Amino acid sequence: MQITEHPVLDKKFNEEVIFYFNNQSLKAKKGQTVAAALMANSIRKLGASRKLNKARGVFCANGRCTSCFVTINGLEHVLSCTTLVEEGMRVSSNESDPDVRGESNGN
Amino acid sequence: METDILVIGGGPAGMSAAITADRAGARVILVDESFSLGGQLRQQTQHFAPLPGSEEKVRGTALGNDLIKKLEASKVKILKKHIMIGSYRNENIGVTDGEKTFAIQSQKNIIAPGAAEKAKIFPGWTIPGVMTAGAAQILINRERVLPGKNAVMLGSNDYSLEVARQLKACGVTIKAIVEDKEQMISSDMELLHDMKNVPVYLNSTIESATGKEELNKVVVKTPAGLYEMEADLICIANGFDPIIEPFEIMGCNLAYHKELGGWLPEYNVYFQTSNPSCYIAGNAAGITTIGPVLLTGEIAAIGALEELGFMEQEEAEAQRKELWKELAEIEKRENEKTFRARSELIEGFHQKIGMAFPEEFNMVNGGAHNG
Amino acid sequence: MWYRYLVNQWKMVNHKMDNLFDVIVVGSGVIGSSVAYHLSESKKHEVLLIDKGFPLSGTSGSTQAWVWVHSKTPSWYGELSMLSAELYPFLEKKIGDVEYKRTGGIAPFFNEAERESALRLAEKQAEVGIEIEVLNREEVLEKEPSLSPEIAGATFSKIDGNVNPFRLVELYVKAARKNGVHCSFYNPVNDIEKSGDIFQVKTQKGSFRSKKIVLAGGPWSKELGKMLGMDMPVKQVRGQILVTEPLQPFLKYTIGGIRQADNGEVLIGYSKEEVGYDRRSTLDVMQQTARMAIDFIPALSKANIVRCFSGIRVMPEDGFPILDEVPGMEGAYVIAMHSGITLSPLIGTLMTELLTEGETSINLSRFSLERFNGIQSR
Amino acid sequence: MDKSTIVCRCEEINIDEIETAIKNGAETFDDIKRLTRCGMGPCQSKTCFYPVNEIIAEYTGMPLNEVSLPRLRMPLKMVRMSTLAQDSEGSNVVSVFGESVEDGES
């Protein structure tokens with residue numbers, strides 16, 4: 001959920017962007033990270049772990065833990081907590097190991 | 001790319017070091033991995049005091065913005081979204097901008113990577129909705145999104161309570177504070193007062209965190225039995241570790257000092273590590289409060305400036321004397337143990353390398369030991 | 001909790017009160033642990049395996065772990081590698097799943113001049129029974145479609161493959177222990193002395209005695225040799241290896257410089273530097289390695305690199321294995337070689353023959369210390 | 001705590017697996033890592049380093065300051081192969097045919 005009225009800070013984000021998560025169109029604020037943009041839409045499961053297939057989401061939000069991997073514009077395993085959301089960005093959840101051969105991975 | 005001084009990390013310590021170095025006329029490059037400067041100050045809405053030269057309370061975010069403005073008005077070359085990934089055979093630091101990887105040739109490096117939160121494990125800690133307290137703070141204050149509606153705070157140090165208070169102000173219900181020790185760690189009266197209506201479970205741990213794909217249930221194990229509660233957010237606040245990877249890559253010796261956060265590089269009174277080309281600043285040099293963080297950046301910069309001839313010895317000594325005095329004053333006042341551990345680390349390192357103490361340090365240090 | 005652990009440790013080292021062993025093996029890398037294991041199979045000997053660290057903390061834990069035969073020259077060396085590779089399936093039956101895979105090996109080349117030497121290699125190796133095909137571009141790409149279309153061709157042999165080095169060494173040690181081998185880890189050897197027929201091995205955790213000793217220190221053989229007053233004719237060579245995060249399986253073969261592990265990680269390494277025991281990685285080599293990886297397999301360009309590790313490998317001065325009794329010091333043996341992963345099953349077998357029978361099924365004269373000049377013992 | 005609790009998030013290694021490695025004699029993070037893969041995933045032990053060292057300390061009775069640190073590897077953060085390759089100093093396509101094929105072994 002977006003915080004519209006922050007208790008102590010001024011309004012920060014003005015511009016709205018539209019992006020896609022697993023082909024669903026969503027709204028977020030320009031300047032937010034992808035992880036936050038998804039959380040603004042109450043999406044917290046960003047993918048599944050590779051061995052036990054357990055749900056994963058933001059853990060450190062600081063680019064260290066790699067728990068927030070998503071696919072962005074076809075590039076797999078991108079850290080959603082350190083990448084800013086952009087208009088028209090296509091994001092999908094991280095469900096498996098990257099396939100480097102595929103068209104999907106920018107090759 | 002070439003420079004006199006390379007600063008790694010655009011948080012308060014790195015910015016403070018870069019501003020000091022620029023003022024003395026050195027060419028400075030500042031590298032930060034994020035898309036914006038400020039480091040952790042970007043989400044710290046709490047007020048800080050004292051700061052160097054001031055008793056006035058300043059909000060973290062405002063302090064950050066102030067430093068960014070100073071930096072942007074300086075000649076410092078700022079490389080945002082650049083990550084230090086390693087070093088070359090000749091010890092040049094290698095950074096990447098996501099497109100390419102290149103060396104920055106520098107005379108001196110001031111490395112200020114900050115600290116990282118220590119994880120604490122419990123069954124279910126990998127489920128979405130469980131995150132570090134720092135992550136929750138980033139989300140509400142920097143990203144302006146709510147990570148959940150009903151939160152359990154694991155840990156009761158000052159930082160746990162501060163984040164709990166900020167979450168509460170954003171409308172999050174704090175369902176519980178869970179602490180495995182027999183009493184609250186924080187002794188900050190103001191924070192404790194703000195948490196007075198929150199249930200606190202002492203001698204307690206999280207037995208399980210469950211939910212289908214996101215957290216919705218937390219079971220707390222207390223001496224009185226198991227308590228089950230509905231919650232969609234757990235914040236882990238288990239303290240901080242200095243970030244040491246860049247120092248290890250640069251071949252700096254490490255030492256263990258519990259009061260400074262655990263393992264960290266050894267350094268001398270100039271904040272120079274065992275690798276003479278690398279200085280250290282900020283929380284990486286020992287977990288502390290914002291005043292000392294800023295001062296360590298300045299002291300490190302002065303050491304580098306003096307070595308490179310941008311500052312006369314006499315001038316450097318005079319400035320360092322003032323800065324150390326202030327650092328000692330603030331740190332002893334806020335956390336005596338931290339200052340004592342810092343002194344021990346420095347003394348130990350000086351002894352090891354057979355380096356005498358300059359007077360400016362004897363003075364402040366003596367105070368600590370007599371006290 | 002912790003007392004259990006201490007009792008465990010005590011059991012491992014100290015339950016032999018007289019501290020007298022038939023054989024002490026120094027070094028628990030792939031060679032030392034293979035010797036200890038093969039020696040223990042008969043359960044007739046009291047064996048102690050000592051390491052300054054823990055198994056896999058040195059060279060054997062920092063390798064791509066190919067079991068590689070086809071381009072090993074001269075052909076007697078290729079043959080030796082082949083014989084060892086042939087032992088792997090049997091070894092696996094005995095000690096457990098070491099993830100040995102005979103994938104077949106591809107060594108690509110980029111120009112026609114190299115095709116000539118490829119043909120000569122195939123001819124030479126055929127004499128000792130190593131089958132090599134020289135493939136053209138189309139044939140290579142059909143086998144391994146992810147290879148770059150820039151290559152001119154490749155040599156290929158079915159005999160090559162790879163193994164999981166962690167499993168391999170762990171299971172050698174486990175099997176050896178099961179057969180009664182004593183282990184003392186995190187225990188550097190400080191000195192070795194011989195009085196009469198008995199060796200005294202002085203370690204950080206105390207002294208041990210034995211009738212025979214085997215030095216299998218890999219790159220650290222040089223230091224162990226000094227304790228016997230000899231200058232070991234070996235060099236240290238650093239190799240840096242890049243590792244990607246796990247990727248969907250897409251490489252079938254073991255390719256010169258590159259392989260994909262069972263868990264999906266791709267390991268890439270080409271470098272060779274003589275920098276002593278310095279185990280750091282450097283961005284210079286990492287960048288070159290990345291460049292080469294993309295030249296060979298363009299699809300790797302989007303793969304995330306998660307780490308680079310360095311291994312210090314031992315390289316005898318002439319490149320070939322050393323397995324010999326130290327001249328003038330009966331009962332002291334040294335083993336040192338590059339390609340220890342490939343050769344370990346065979347070397348463990350041969351060393352056991354030598355220690356127990358005094359003679360071996362394969363003539364070891366090529367592995368003697370005498371071939372180097374000026375090797376002297378005190 | 002439940003022994004099946006995950007310690008290493010990346011490789012999903014649990015307490016039991018780590019304790020088993022310690023029982024087999026491993027005393028350091030790196031030695032446990034090579035036996036279990038704990039800390040070998042994309043975060044490179046940045047997250048599990050502290051909990052693992054706590055388990056070692058508790059299990060062996062060693063104080064935390066005596067439990068050695070994992071060897072931190074480059075790159076300090078994950079990096080794409082193409083990003084690493086770009087701007088490297090004049091590398092050529094080199095054939096591994098012949099002598100250099102042995103580089104991967106030890």
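Computed from a predicted model, the values in this text were never measured in an experiment.
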Interatomic spacing from [atom1] in [X] to [atom2] in [Y] - rounded to 0.5 Å:
{"X": "M78(D)", "Y": "I85(B)", "atom1": "CE", "atom2": "CD1", "result": "12.0 Å"}
{"X": "L76(D)", "Y": "E248(B)", "atom1": "CG", "atom2": "CD", "result": "9.5 Å"}
{"X": "E245(B)", "Y": "F49(D)", "atom1": "CD", "atom2": "CZ", "result": "9.5 Å"}
{"X": "I121(B)", "Y": "I15(D)", "atom1": "CD1", "atom2": "CD1", "result": "4.0 Å"}
{"X": "I249(B)", "Y": "L72(D)", "atom1": "CD1", "atom2": "CG", "result": "6.5 Å"}
{"X": "T83(D)", "Y": "E99(B)", "atom1": "OG1", "atom2": "CD", "result": "6.5 Å"}

What closest approach, in Å, do [X] and [Y] show between heavy atoms, and which atom pair accounts for it?
{"X": "L64(D)", "Y": "W263(B)", "value": "O-NE1, 4.3 Å"}
{"X": "I6(D)", "Y": "T126(B)", "value": "CG2-CG2, 4.2 Å"}
{"X": "V7(D)", "Y": "W125(B)", "value": "O-CZ2, 3.2 Å"}
{"X": "Y256(B)", "Y": "N65(D)", "value": "CD2-CB, 3.1 Å"}

Measure distances from [X] to the heavy atoms of chain D and classify the residue's part below 4.5 Å as side chain, backbone, both or neither.
{"X": "A119(B)", "value": "both"}
{"X": "N238(B)", "value": "side chain"}
{"X": "L254(B)", "value": "side chain"}

Report task. Answer yes or no: are there more than 12 heavy-atom neighbours, outside K81(B) itself, under 6.0 Å from its atom NZ? Result -> yes
Query raised in the report: Do other residues, nucleotides or ligands put more than 12 heavy atoms under 6.0 Å from K221(B) NZ?
Result: no
Query - Contact winner vs chain B - K46(D), E66(D), R9(D), heavy-atom pairs under 4.5 Å - result: R9(D)
Which atoms of [X] approach chain B - backbone, side chain, both or neither, heavy atom under 4.5 Å:
{"X": "P63(D)", "value": "neither"}
{"X": "V52(D)", "value": "neither"}
{"X": "S82(D)", "value": "backbone"}

**Report entry** side chain to side chain contact (heavy atoms under 4.5 Å, CB included) assessment of E33(B) paired with K77(D)
**Finding:** CA-CA 10 Å; E33(B) 63 183 24; K77(D) 289 271 165 81; 2.8 Å; yes
Query raised in the report: So which of S87(B), A103(B), G262(B) has the largest heavy-atom pair count under 4.5 angstrom toward chain D?
Result: S87(B)
Query raised in the report: So do P123(B) and M1(D) actually touch side chain to side chain, heavy atoms under 4.5 Å?
Result: yes
